[in-house]
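Naming: A, B, ... by sequence-line order, numbering from 1 per chain. The figures here come from the full heavy-atom set of this structure, side chains too, leaving out hydrogens, waters and symmetry mates. Keep in mind that this is a model prediction, so the values were computed, not measured.
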Amino acid sequence: MAAALLHGVGSTTPLSSVNYNNSRRSLPERKRASFLIQCYGSLLPGSKIGINRAAKLSTNAVTTKQDNVTASTTSKPGHELLLFEALREGLEEEMERDPRVCVMGEDVGHYGGSYKVTKGLADKYGDLRVLDTPIAENSFTGMGIGAAMTGLRPIVEGMNMGFLLLAFNQISNNCGMLHYTSGGQFEIPIVIRGPGGVGRQLGAEHSQRLESYFQSIPGIQMVACSTPYNAKGLMKAAIRSDNPVILFEHVLLYNLKERVPDEEYVLNLEEAEMVRMGEHVTILTYSRMRYHVMQAAKTLVNKGYDPEVIDIRSLKPFDLHTIGNSVKKTHRVVIVEECMRTGGIGASLTASINEHFHDYLDAPIVCLSSQDVPTPYAGTLEDWTVVQPAQIVATVEQLCQ
Amino acid sequence: MGSWFARSRSIPYLLKRNISFLHANSSCKTLPPYKSPHGFRERPPASILSFRRLESAMVGKQAQAVAYTDDDGESQSIEFPGGRVGFTTQMEFISEATDKRVPCYRVLDDDGFPIAGTRFDQLDEETAVRMYKSMVSLQIMDTIFYEAQRQGRLSFYLTSTGEEAINIATAAALSPDDIILPQYREPGILLWRGFSIEEFASQCFGTKDGHGKGRQMPIHYGSKDLNFITVSSPIATQLPQAAGVAYSLKMDGKEACAVAFTGDGGTSEGDFHAAMNFAAVMEAPVLFICRNNGWAISTPVSEQFRSDGVVVKGQAYGIRSIRVDGNDALAVYSAIRAARMMVVREQKPVLVEALTYRVGHHSTSDDSTKYRSVKEIEQWKRSRNPMTRFRNWVQANGWWSDQEEAELRGTLRNQVLKAIQVAEKAEKPCLGDLFSDVYDKLPSNLQQQEKSLRQTITRHKQDFPPDVPL
């Protein structure tokens with residue numbers, strides 16, 4: 001699926017530089033539309049200017065043919081959606097189905113959300129069900145927890161995952177723990193979602209990978225979406241789950257387009273996704289890195305290798321069943337992630353695989369991750385902190401010798 | 001940021017054009033400067049210009065809307081985001097303190113007699129006696145559990161000594177549908193609503209019968225049936241949650257409110273301010289009750305805030321507030337009843353500051369004689385005791401007698417002692433309870449960890465406590 005999406009863009013050169021120029025030239029309309037968003041955002045005193053800028057920049061990043069938005073849907077079943085639209089569709093279907101589902105966050109109401117995930121929902125469901133909150137992440141997360149304890153099913157949107165660091169107290173001490181400490185009396189069916197990951201020159205504070213900080217909190221589940229199909233499915237599953245779920249989206253993936261089924265579907269929160277079957281090496285990844293891996297996979301296939309690519313999707317707990325079966329088949333593992341080297345998802349996954357499948361490994365697990373540095377602003381430096389397809393190709397080649 | 005400066009530029013421009021006497025006044029210089037320090041306006045993109053065009057059109061309309069009278073220089077008003085505000089040519093700072101502190105509402109005097117001219121909600125005999133008996137229960141439970149901790153039978157305990165009136169009178173004034181988000185010094189509310197001494201003991205001793213299934217420290221009670229959300233140790237985390245609970249009640253259209261407690265120390269936490277703000281903006285039916293007992297462990301209120309207590313903070317957030325004598329059960333009862341009615345009817349938050357004194361130590365891990373004088377503690381214990389005052393009033397009405405007091409105390413003491421004895425010997429929660437309720441169903445990693453733990457215990461039985469069921 002992902003390989004097909006990247007087909008029109010360019011094969012071996014790193015994703016970052018090529019797409020930017022190509023898409024910019026071919027999308028004059030979209031550029032103007034997003035430019036307006038940027039201006040509006042920056043005129044409000046105290047607004048987070050960087051965020052709206054990302055709304056513009058993300059259209060150029062990891063995207064494909066978007067010139068004709070009016071793609072024909074009559075030829076194949078299903079309908080085409082951009083990732084943020086898929087999230088919105090999942091959210092809307094759940095809000096329709098269950099009147100207890102509500103959304104709260106900054107600018108989610110009339111503004112429609114910084115990434116348009118909640119666009120139109122306030123008009124349809126009213127101000128109370130799609131609630132605009134003041135700027136206090138710890139407090140509106142706390143509010144979500146209070147609402148969840150008394151019967152609602154809130155979805156809390158962090159404008160950027162990095163801001164949820166302010167909500168860490170509520171997420172850790174209350175969201176994760178209250179079901180346990182109250183002896184099972186109070187349930188917290190909350191969904192906390194938002195975009196994270198390294199964007200396009202958003203600076204260190206807006207390029208954080210919160211999954212590495214949250215992974216230790218007992219009582220929560222974490223999932224990361226990467227395609228419109230799994231975004232919608234995971235959103236619905238997260239809302240229906242009675243546990244607190246943190247859904248990690250990526251700033252650069254919101255404009256990915258894919259055909260999703262017309263009929264209703266809900267994905268399993270704890271399952272990993274087999275992206276490409278293979279025999280030589282298991283490449284484990286999630287979120288944006290999936291696309292870098294698939295690009296590297298194309299090169300590897302051309303060079304005669306047969307990588308198996310798994311999008312782990314479930315960050316807590318890991319789907320050791322799928323991963324284990326793959327390791328037993330290929331005996332070599334490469335983990336490609338965006339987290340920092342120290343204490344990231346890759347580090348935990350390495351430990352977990354070593355613990356369970358040590359006997360099946362022919363070589364030590366290689367984990368490719370970002371360096372332990374704050375994400376720099378300069379484009380070239382930023383590219384160097386993110387794992388690039390060329391690195392992945394080199395690693396697999398070396399591992400498979 | 002550009003539009004801000006655009007707007008403020010037009011106002012002095014307007015003033016200069018239309019109001020001549022301003023020139024003579026130094027207040028012109030206090031208006032913000034025209035230039036943006038960041039040079040933002042040097043190269044404005046097209047859409048920003050169009051936005052500003054809209055801006056100046058709006059300001060133009062305001063030029064006509066500015067109402068000013070020539071005779072009185074002070075009664076002009078002008079519109080800003082947030083509404084119309086009058087302006088003055090006199091530069092005046094609002095003082096940080098008023099001469100008089102906000103008075104507190106009181107019904108009974110120090111000896112328990114109603115003060116002349118006071119108005120309060122009349123209590124009937126049944127409620128009054130029940131309230132007094134609950135206060136005694138709370139006091140006895142506190143005393144004995146505290147002693148048990150000192151004897152090493154409990155690991156930790158926290159008393160509500162001195163705050164019995166707040167605990168019980170508040171509970172009596174609320175409806176059982178009101179959802180309570182406690183700090184940790186409000187077990188009296190559970191007591192009023194029917195939590196038994198045995199249930200208190202089960203939670204404190206961490207037995208399998210406790211609602212908490214032995215997972216929380218003592219005094220971290222919680223009961224879904226009694227609408228009392230489990231106590232969570234971090235301070236003030238329950239305050240924004242109260243806004244969420246109120247939001248939930250509002251969505252359901254229930255005639256109930258969320259009641260959130262905090263102490264004087266808790267009002268320093270960021271969560272307090274954001275929660276108040278949220279509740280006000282969202283018009284959430286939350287009743288904020290601050291138990292200002294003068295001390296946050298060893299920090300006196302003089303080191304906690306510099307405002308006139310907590311009641312004045314209500315207005316800062318647009319919340320109606322009242323200060324009440326927390327050691328006067330009748331005053332607390334009346335004030336909370338009135339506040340609750342406002343919250344439910346008007347669907348707005350209300351803040352009640354109950355002034356009181358923390359007679360006991362902060363907890364069993366604290367020795368307050370280290371930072372305050374024994375004389376001060378004794379004075380509050382003897383001559384300003386909320387229970388004595390209320391008892392005098394109840395007895396003056398002929399509803400209580402010394403003999404009933406002695407009987408009650410005797411019975412309760414035995415009951416509490418027995419409950420402790422039973423809970424001490426009761427079975428602890430089983431091993432499975434270590435892993436259950438982390439999620440709704442046991443996920444694979446926890447199943448595996450449980451299996452691994454059971455294997456370890458089986459292999460090394462002698463190293464693990466024998467009285468814990470597996």
Side-chain angles (χ1 to χ4, degrees), chain A residues 32 35-36 38-40 42-46 99-100 102 104 128-129 131 133-136 138-152 154 169-170 173-174 176-187 189 218-221 241-243 270 316-321 352, chain B residues 1-4 40 45-48 51-52 179 181 203 210-216 220 222-225 229-234 237-252 258 270-271 273-275 277-278 281-282 284 433 436-441 443-446:
Chain A
R32 201 193 310 144
F35 191 62
L36 270 174
Q38 170 196 1
C39 299
Y40 182 85
S42 59
L43 284 171
L44 297 167
R100 297 171 301 166
C102 54
M104 47 186 84
L128 212 50
R129 267 183 94 184
L131 194 63
T133 62
I135 306 176
N138 202 25
S139 303
F140 65 71
T141 309
M143 182 172 165
I145 293 168
M149 285 197 284
T150 40
L152 291 181
N169 185 14
Q170 289 286 351
N173 280 324
N174 293 320
M177 296 192 193
L178 260 172
H179 185 238
Y180 185 78
T181 58
S182 69
Q185 292 184 84
F186 294 101
E187 271 183 355
I220 56 159
Q221 267 187 281
S241 165
D242 283 334
N243 294 315
E270 287 133 40
K316 182 183 166 95
F318 295 128
D319 179 5
L320 289 176
H321 181 77
S352 203
Chain B
M1 281 309 258
S3 72
W4 247 78
F40 184 76
S47 35
I48 291 184
F51 193 86
R52 217 181 286 142
I179 302 183
L181 290 104
Q203 199 283 330
H211 292 275
K213 294 187 194 166
R215 291 167 185 155
Q216 257 291 19
H220 287 63
S223 168
K224 187 167 182 165
D225 297 329
I229 296 201
T230 309
V231 175
S232 175
S233 314
T237 52
Q238 71 280 6
L239 298 174
Q241 289 171 12
V245 170
Y247 171 71
S248 183
L249 291 170
K250 199 176 168 116
M251 290 259 276
D252 287 341
D271 275 350
H273 302 275
N277 192 36
F278 263 68
V281 166
M282 261 142 237
D433 277 339
S436 62
D437 292 330
V438 180
Y439 297 98
D440 54 353
K441 289 186 289 274
S444 56
N445 60 330
L446 285 186

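- Distance check: B:Arg215 CZ to A:Met177 CE gives 13.0 Å after rounding to the nearest 0.5 Å.
- Residue contact with chain A, scored on non-hydrogen atoms closer than 4.5 Å, involves the side chain of B:Asn445 exclusively.
- Atom CG of A:Leu128 is separated from atom OH of B:Tyr247 by 5.0 Å, given to the nearest 0.5 angstrom.
- With a 4.5 angstrom heavy-atom cutoff, B:Ser233 does not touch chain A via any of its atoms.
- Among residues two or more places apart in sequence or in another chain, the ring-ring contact (aromatic ring centres under 6.0 Å, His included) test is passed with B:His211 by B:Phe195.
- Rounding to the nearest 0.5 Å places CG of B:Asp271 at 6.5 Å from CG of A:Asn169.
- Most heavy-atom pairs under 4.5 Å with chain B: of the set A:Pro317, A:Pro134, A:Ala136, this distinction falls to A:Pro134.
- Interface check for chain A: of the options B:Lys213, B:Lys224, B:Lys250, the most heavy-atom pairs under 4.5 Å are formed by B:Lys224.
- For the atom pair CE of B:Met251 and CG of A:Leu131, the computed distance is 9.0 Å after rounding to the nearest 0.5 Å.
- Atom CD of B:Gln238 is separated from atom CG of A:Leu178 by 10.5 Å, given to the nearest 0.5 angstrom.
- In terms of heavy-atom pairs under 4.5 angstrom with chain B, the leader among A:Asn138, A:Ile145, A:Asn173, A:Asn174 is A:Asn174.
- Looking only at side-chain heavy atoms (C-beta outward), A:Arg100 and B:Ser248 stay at 4.5 Å or farther from each other.
- Counting heavy-atom pairs closer than 4.5 Å to chain A, the top-ranked of the candidates B:Pro240, B:Gly210, B:Ala275 is B:Pro240.
- When each of B:Gly270, B:Ala243, B:Ser223 is checked for heavy-atom pairs under 4.5 Å with chain A, B:Ser223 comes out on top.
- Listed by first then second residue, pairs satisfying side-chain hydrogen bond (donor to acceptor under 3.5 Å, both in side chains) with a partner in residues 177-187 of chain A number zero, not counting sequence neighbours.
- If you measure heavy-atom distances from A:Ile220 to chain B, the contacts under 4.5 Å come from the backbone alone.
- Using a 4.5 Å cut-off between heavy atoms, A:Asp242 contacts chain B through both its backbone and its side chain.
- With values rounded to the nearest 0.5 angstrom, B:Ser444 atom OG is found 7.0 Å from A:Glu270 atom CD.
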| How far apart are the C-alpha atoms of A:Thr150 and B:Leu249, what are their side-chain angles, what is the distance that settles it, and do they pass the side-chain contact (heavy atoms from CB on, under 4.5 Å) test? | CA-CA 8 Å; A:Thr150 40; B:Leu249 291 170; over 6 Å; no
